[in-house]
Amino acid sequence: MTASGQVATVYVPRDSAARSVGADEVADAVAAAGRPVRVVRNGSRGMLWLEPLVEVETPAGRIAYGPVAPEDVEGLVAAGMLDGAADHPLCLGPTEDIDWLRDQTRVTFTRVGVVDPLSAGDYVAHGGLSGLRRALSLSPEQVVAEVTESGLRGRGGAGFPAGIKWKTVLEAGAELKFVCCNADEGDSGTFADRMLMEGDPFTLIEGMTIAAWAVGASEGYIYVRSEYPDAIATLRAAIGTAYDQGWLGKRVLDSELSFDLFVRVGGGAYICGEETSMLESLEGKRGMVRAKPPIPALEGLFGKPTVVNNVLTLGSVPMILADGPAAYADLGVGRSRGTQVFQLGGNIARGGIVETAFGITLGDLVERYGGGTRSGRPVRAVQVGGPLGAYLPTSRFDLPMDYEAFAAADAMVGHGGVVVFDDTVDMAGQARFAMEFCAAESCGKCTPCRVGAVRGVEVIDRIVAGVDRKKNLKVLGDLCDLMTEGSLCAMGGLTPMPVKSALAHFPDDFGTTTEEGR
Amino acid sequence: MTSSPPQSLEDRVRSIVAEHRDDRGALLPILHAVMEDMGHVDPAAIPILADELNLSRADVYGVITFYHDFRQTPPGRKTVRICRAEACQAVGAAQLADNAKERLGVGFGETTPDGSVTLEQVFCLGNCATGPSVQVDGRLYGRVSPAQLDGMLEVGA
Ligand SMILES: Cc1cc2nc3c(=O)[nH]c(=O)nc-3n(C[C@H](O)[C@H](O)[C@H](O)COP(=O)(O)O)c2cc1C
Ligand code: SF4
Ligand code: FES
């Protein structure tokens, strides 16, 4: 009992990042602290450097403590944590007042960390289902029009307008259509899909159900990478609850819509994040990339019209339908509308989720939010957009996070991952790794990618060893051009981006002069 | 555990297939279920799967070899997977990888001769702000120090 005579409600995240640094042990310690408590396993607020972050409910809102080690719990309880007491070095004050969180614009992540991810009651109490209810009161055409008006673009990397894709599927005549969610999230430095699936799975389910209504689909699949066992378990449990609640299955919310949803688990292959490879995998085959056309919107899963969207794309749809497309489109810059869920990782002091409107600068993310490196050494390079994204030096920190601005700088926003390296990084080593990764993960369908990546590793080794440096730099340049031009998909096509950016911005690491590097 | 009579490999595989009879494109879910049940996909299962699913043996074999997750030999008693992707590289993953290989005397994808530990590389576990990351028998660990990794590699633990 707390001083006020109530059983205290304590939040300890079940997010796998929090669990990876001891949240389960902390939850056990809180439960065993000797006073009756109700422990809620919420998602993570996204302030991952503070995990395990414990929150206590008080009349003045939730009070945060972190990072809490299991052995801290006894002292925290003695200091009055269960009453929200501030008199402890780990007390961070009211969660909502922590400036890192307060300054964000949480739209897609509005409920993550706030609710119990598997509580249907919490979901509805925090605005869940209002998007779906509104969508079902509109015609499919109207829903597609609103998604188009919102300016929502695919969050999986390519940034294709979601509304245009949906329109194509809606207009395709077929008895059977599918909605497939790409939850393969293979990019290093990205974890927002995982955190949404673990922290607010009903939002993804609702987004997919809205998509099904909008395009006339009756079946959906969420393709989750096998590296995410917690997300898989949470999704399966949430889908079970959604059926029980009448949010899935026959006559969803008593409407004409029937929609069945299934979770499928990947096989540990990065290429299966590419949408056609994912579809092959869903069909039970090797994840060989398909040539396009035909596009999946017309001939997708088992040859049927199929929506393929990323978790964050589908996860943004409920808010767009609930609040109207204008509210979403009002955020952002240029043709990058709405918010992006940026993910700060690697050697960073304050890593985690920063959801904010497009247009924030890279430097603001890394320095203002991220606080520089975890090691305390100077930042040297930042890789944005996953393993196929460019390495940028601090002199490019003025770049706004915007699809077009990044493209113009020979870089990409991708899935919004920002990975920070300090001054001990060897950029020739990073370039080599990019080629090594491509060689390991290529689906093998085309030669520039399959063979080019292996050659790339060898050539970089020769350059660094000083063997025929000038000649081999030219070979590397030609090889990059060949991969860019001659690859069927962006795996081979974009691997040159980290390689060339490392060469352009950090030529000294390749044991050469700037002139030769170019 | 109830003591049911030991089932033959064939019976086990056929009963797993039966559970997935209604799944579209069922081969991947079936292979995951076989892995869960037996720890690996015994090559002897390939003709049975081919027969059940009306596929060629080459098709089934091709799928098994395409995906990193499906192994054809039993793993060690413990499987340790070290993340080697960029965000973990930035906080010392390479050193963890070197330490593990040296301590166990095996490379990635190999099992110690006594069958205690299988060492694997993995590219990203979605724990990139709290790396370096290591997964032990499916359980994720973050901010892993070299000393902690030593503990995870402890034989018999
Ligand atoms: C090599 C490669 C890997 C990819 N990995 C992913 C992924 O993990 N998740 C994802 O959503 N999209 C990934 N994509 C992009 C998809 O092909 C596709 O554009 C996306 O799923 C479409 O959804 P969206 O429009 O909502 O972004 C990848 C693309 C390539 C070329
Ligand atoms: S570029 Fe690479 S991954 Fe893409 S289709 Fe070609 S071989 Fe496969
Ligand atoms: S890069 Fe290691 S967990 Fe993401």
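Side-chain atoms are counted along with the backbone in the values below, which use heavy atoms only and exclude waters and symmetry mates.
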Proximal component of B:S133, with respect to chain A [non-hydrogen, under 4.5 Å]: neither
Check: A:R264 main-chain N/O paired with B:H32 side-chain donor or acceptor under 3.5 Å: no
A:Y228 OH to B:L125 CG distance, which is reported to the nearest 0.5 Å: 8.5 Å
Region of A:Q343 in contact with chain B, defined by heavy-atom distances below 4.5 Å: neither
For the student: nearest non-hydrogen atoms of A:G186 and B:C124, plus distance: O-CB, 4.1 Å
Region of A:D24 that comes under 4.5 Å of a non-hydrogen atom in chain B: side chain
Ring centres under 6.0 angstrom apart (A:F437, B:F123): yes
B:E86 side chain near A:V425 side chain, heavy-atom distance below 4.5 Å: no
Proximity breakdown for A:C443 and chain B, heavy-atom pairs closer than 4.5 Å: both
Heavy-atom closest contact (B:G25 atom, A:F302 atom, distance): N-CZ, 3.7 Å
A:L344 side, atom CG; B:C128 side, atom SG - distance, nearest 0.5 Å: 11.0 Å
Options A:G22, A:G287, A:P229, ranked by heavy-atom pairs under 4.5 Å with chain B, top entry: A:G287
Contact origin within A:D187 toward chain B - heavy atom pairs under 4.5 Å: backbone
Region of B:D59 that comes under 4.5 Å of a non-hydrogen atom in chain A: neither
Part of A:I353 lying under 4.5 Å from any heavy atom of chain B: neither
Main-chain N/O of B:F66 paired with A:R286 side-chain donor or acceptor, under 3.5 Å: no
B:K101 atom NZ, over 12 foreign heavy atoms within 6.0 Å: yes
Neighbour count >12 (heavy atoms, 6.0 Å) for atom CZ, B:F70: yes
B:V63, part contacting chain A, at a heavy-atom distance under 4.5 Å: both
Polar side chain donor-acceptor pair, A:E227 to B:Q135, under 3.5 angstrom: no
Heavy-atom contact with chain B under 4.5 Å, split by part of A:R225: side chain
Residues in residues 378-389 of chain A that sit under 4.5 Å from chain B, counting heavy atoms only: A:Q383, A:P387
Among the listed options B:C88, B:G131, B:G142, the residue most often paired with chain A at heavy-atom distances under 4.5 Å: B:G142
Options A:F191, A:W49, A:F433, A:F421, ranked by heavy-atom pairs under 4.5 Å with chain B, top entry: A:F433
Cationic N near anionic O, under 4.0 Å, B:R24 to A:E283: no
CG-CZ distance between B:N127 and A:R194, expressed to the nearest 0.5 angstrom: 6.0 Å
Enclosure of B:R57 CZ (heavy-atom neighbours >12, cutoff 6.0 Å): no
Nearest-0.5 Å distance, CG of residue A:L48 to CZ of residue B:R143: 8.5 Å
Check: B:V91 and A:R374 side chains under 4.5 Å, non-hydrogen atoms: yes
Options A:S20, A:G284, A:G351, ranked by heavy-atom pairs under 4.5 Å with chain B, top entry: A:S20
Counterpart residues, side chain to side chain donor-acceptor pair (under 3.5 Å), relative to A:T276 (two or more places apart): A:E274
Between A:S281 and B:Y67, a side-chain donor and acceptor under 3.5 Å: yes
Short N-O contact, A:E436 and B:R84, less than 4.0 angstrom: yes
Flag, side chain of A:S188 to backbone of B:A87, donor-acceptor distance under 3.5 Å: yes
Heavy-atom contact with chain B under 4.5 Å, split by part of A:Y270: neither
Point-to-point distance, once rounded to the nearest 0.5 Å, from CG of B:L140 to OG of A:S16: 5.5 Å
Interatomic spacing from CG in A:L50 to OG1 in B:T130 - rounded to 0.5 Å: 11.5 Å
